[in-house]
Amino acid sequence: MHDMSAHAVQHGAPTSFIRKYVFSLDHKVIGKQYYALALVAVVWGMVLSWLMRIHLGWTNLPIPGLHLLSSTGAPGNVMTPEYYLQLMTMHGTIMVFFVLTTAPFAAFGNFFLPIQVGAEDMPFPHFNMMSFWVTFVAFLVLVSSFFVGDGPTLGGWTQYAPLSAVGSVSGPGQGLGVVLWAASIGIFCVGQLLGSLNFITTTLDMRTRGMSLMRLPLTCWGWFITSVMGLTAFAVLMPACILLILDHVAGTSFFVPSNLVINGQLLPHTGGSTLLWQHLFWFFGHPEVYIAIVPGMGIVSHVLITNMRRRMLSHRVLIYSMGSLAVLSYMVYGHHMFVSGMNPYSSLAFSFPTLVITIPSTIVVLIWLGSLYGSKLRINSASLFALGFISMFISGGVSGFFLAQPSIDIMLHATYFVVAHFHLVMAVAAIFGIFSATYFWFGKMTGHMMNETLGKLHFWLSFVGTYCIFMPFHYLGIAGNVRRYQAFTDDYLIPLIPLHRFITVAAILTGLAQFIFIYNLIYSRFKGAPAPDNPWEGTSLEWSTATPPPHNNFGDKLPVVYHDPYQYNVEGASTEYVMQTSPEQLKNAHEEN
Amino acid sequence: MAKILAVTIILIAIGSAIPIVMHTWHLPQDISTHGPLIDEQYAETMAEAGISFLAGQFVLAFFIWKFSSPKPGEKIRSFPGGAAGLVIAAFLLVGTEVLALGIFGAKAWASVYFTPPAANAMPVQVQAGQFAFYFRYPGPDGKFGPLHPDQINEANANFFGLDQTHDQDSKDDIVTAEMAIPVNREIHLLMHSKDLGHSFFVPELRVQQDFVPGLDLSIHFTATKVGKYEIVCTQLCGLGHYNMKAYLEVMSQEDFDNWLKQQAALQ
């Protein structure tokens, strides 16, 4: 616990447009910048998924205007097989890195972590500014691959070697496209490392008077745990990307073994290991799943508590469970590699922790469900999306039982079952978390409330729509439908095409429904009803300050915290909810310490 | 609106489960000796995952229905047993479940990967390359000749890089574009990649294994049913990945012997 009153305002309010909105040091502006970047990225990623889905449903159907995106990739507006793979790779990369990692963590975390701990800003504002702009450059580098050489890489977001490491001999986009991909992700890692440092330091060192660790809202715990994961996971991915670039530009052979013959050419490489890439990638890749979802767990808990009008059954158990997920996430990554040629004994060693990780996941869900019991649930767009998150997390979580077992993985590996699993548990759930957070905090962030009617409509279309898209993916996978195919020419896959068409229609309609959200976002930003300081009757520190918060978050004086974050319906209290800053003595309050 | 959400969740849960229960889409038929253990494990996991899925969604729906319209003055109630009860329940129920799945699943995995091939297993080599599989049978001498990557020449149909002029063991090797195997005979499949990562997936055979460039692996299996099945690649290997396939024909021993003779004559 620290007395922040000793800290002077670290940087004065900016006056010029550039320092206020572009190269801003203010964590709130940086948070919004991350959000804007994620918004651009998610629209782009979604359009790519539409193009892929149309192609999968109707392979030879011309898509009007597609040749504008790439004349070689879509002659006569019909997508080529390689262009499908290039769009697929970009869809995965954009979504995982620039949406699922940036929005729940960097966008909302930047805006709210300092406010919720009671600080004026993050401790290293220049690093913070740099983290966003580095991420922005990473995005530009990635997108630039659409416009140079023979287009973006087609190797999938996992970029398995040696396909990714041997250069353009292995296919279009495999030369410059891969180098740009690896450069982009390497740069992205720098941004995440800088961001993680700030988040960790903010949580540990910038808490205001009275704000003990256990008094932090669950959102802060989500971001803190995520930042610790980010610091270790991205620190492994970055050197992996550097080695991959070296294999391209410096003639090294980190990931390329001897004696490969591609397109009739015997490659000069010797002595590399293809499995080395998979180990490095998944050592990052599995924690990345939790980097995407743990902030959502924090957000959903926070939103639900406010709307259930009660604290969680146990604050501490939720924190410990999220922490266990983080620790275990490093011990399970080998379940991506059961049939990779890794030692089969290792498969069992990775299988058990993967099964065990379902225990903290179940505890989190049970605490949510157990806390719903006997609550006074309020229904609004934010709480609907939070409840939707839980439903998606359950649906996506149970398929983990299958994929945790190497014996069953023999049948389901690399099929649409895996696509169903990770989309539900990590992508859709995380995006529902982002929506929930947006409806919940938009007022605080902009000073205008979002339209609730449109928000609820958006929820219904998204909730039913995403189930229509992703549930059938399980059925495809069970029937043996291999993923990353641009067309289904195998005898046993042809009968599955109608199901693919159903998914395509569902994906387009659900995608269109997202424009309701974007309209609501833009309209409300300018014309939305003025937001009160505490519209949801919340108790944590963001509701103690003005809307939108001033430059230094709390005006002249930092808040002092007297309670655990969620004092709702406390017996004997003078009001239904008691702010963290309220000095009121609560005899029956449950305080963790 | 909460009640509509509760009903929607229940409808989605039941609707999602129906195709599973009805086997509308299901695992392809099993034609292997090791497959039943995998299928049993799959069925048990489906039962446990299915129950967890339905129970989770139903409880969520029920609580949303029940606790979204509190009467005025109603007090917050705590779940009986509290967090401790739920944590214990999670450890007991899920812990037992995953322990059971882990132990029995390990048995199924071990039956595939921890046993050596039988001494009389028939060796077949498969080579993966962009975007085709090729197969090699050792011929009457029972030995595969060495590979010379620098001699690979697709125009001359030397897909493996064999030197049949100098290597004695290569002279009678039989190279084919389709795979044929005798039924009920163990096959020792030696896997070699010429270029990139690929995979050998025959859903009916309950076999999926990646090819690792630079590291030759082997698997073994026995097919129990005569028929023609598809071998597909599941490891993204470039623009023709979707079209990288071959057929596996499981034949009677007699048909297989004849087939092999025909193939030998074609070399």
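Residue numbering restarts at 1 for every chain, and letters A, B, ... go by the order of the sequence lines. All values derive from a computational prediction rather than experimental measurement.
- Contact of B/I4 with chain A is made through backbone and side chain together, with heavy-atom distances under 4.5 Å.
- Interface remark: A/F401 contributes backbone and side-chain atoms alike to the contact with chain B (heavy atom separation under 4.5 Å).
- In terms of modelled atom types and a separation under 3.5 Å, the side chain of A/Q486 and the main chain of B/Y242 share no donor-acceptor contact.
- At a 4.5 Å heavy-atom cutoff, the contact between B/I152 and chain A is made by side-chain atoms alone.
- Contacts of B/V232 with chain A are made by both backbone and side-chain atoms, with heavy-atom separations under 4.5 Å.
- Counting heavy-atom pairs closer than 4.5 Å to chain A, the top-ranked of the candidates B/P28, B/A108, B/S68 is B/S68.
- Only the side chain of B/E230 has a heavy atom closer than 4.5 Å to any heavy atom of chain A.
- No part of B/M191 comes within reach of chain A, as not one of its non-hydrogen atoms sits under 4.5 angstrom from that chain.
- Ring planes of A/Y345 and B/F114: parallel class, angle under 30° (limits at 30 and 60°).
- The choice from B/G129, B/G85, B/G50, B/C233 that makes the most heavy-atom pairs within less than 4.5 Å of chain A is B/C233.
- With 3.5 Å as the limit, one finds a donor-acceptor pair spanning the side chains of B/Q57 and A/S395.
- Summarising the geometry of B/M46 relative to A/I478, their closest heavy-atom pair is CE-CD1, 3.9 Å, with the distance given to 0.1 Å.
- Only the side chain of A/V482 has a heavy atom closer than 4.5 Å to any heavy atom of chain B.
- Heavy-atom distances place no part of B/F200 under 4.5 Å from chain A, backbone and side chain included.
- Neither the backbone nor the side chain of B/K66 comes within contact range of chain A, judged by heavy atoms closer than 4.5 Å.
- Only the side chain of A/L85 comes within less than 4.5 Å of a heavy atom of chain B; its backbone N, CA, C and O stay farther away.
- In this structure, chain A has heavy atoms under 4.5 Å from both the backbone and the side chain of B/L101.
- A pairwise comparison of heavy atoms in A/L387 and B/L60 identifies O-CD2, 4.0 Å as the closest pair.
- Interface remark: B/L236 contributes backbone and side-chain atoms alike to the contact with chain A (heavy atom separation under 4.5 Å).
- Contact count versus chain B (heavy atoms, under 4.5 Å) is highest, among A/S347, A/P472, A/G477, A/G388, for A/S347.
- Put simply, CG on B/D39 and CD1 on A/I408 are 9.5 Å apart, with the number rounded to the nearest 0.5 Å.
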Could you list the donor-acceptor pairs under 3.5 angstrom formed between side-chain atoms of residues 355-373 of chain A and any protein atom two or more places apart in sequence or on another chain?
unit_1 : atom_1 : unit_2 : atom_2 : d
A/T358 : OG1    : A/L355 : O      : 2.4
A/S361 : OG     : A/I357 : O      : 2.9
A/T362 : OG1    : A/T358 : O      : 2.5
A/W368 : NE1    : A/S301 : OG     : 3.0
A/S371 : OG     : A/L313 : N      : 2.9
A/S371 : OG     : A/I367 : O      : 2.5

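- B/Q41 touches chain A through backbone and side chain together, each having a heavy atom under 4.5 Å away.
- For B/F62, no part lies near chain A; criterion is any non-hydrogen pair under 4.5 Å.
- Of the atoms belonging to B/P149, heavy atoms from both backbone and side chain fall under 4.5 Å from chain A.
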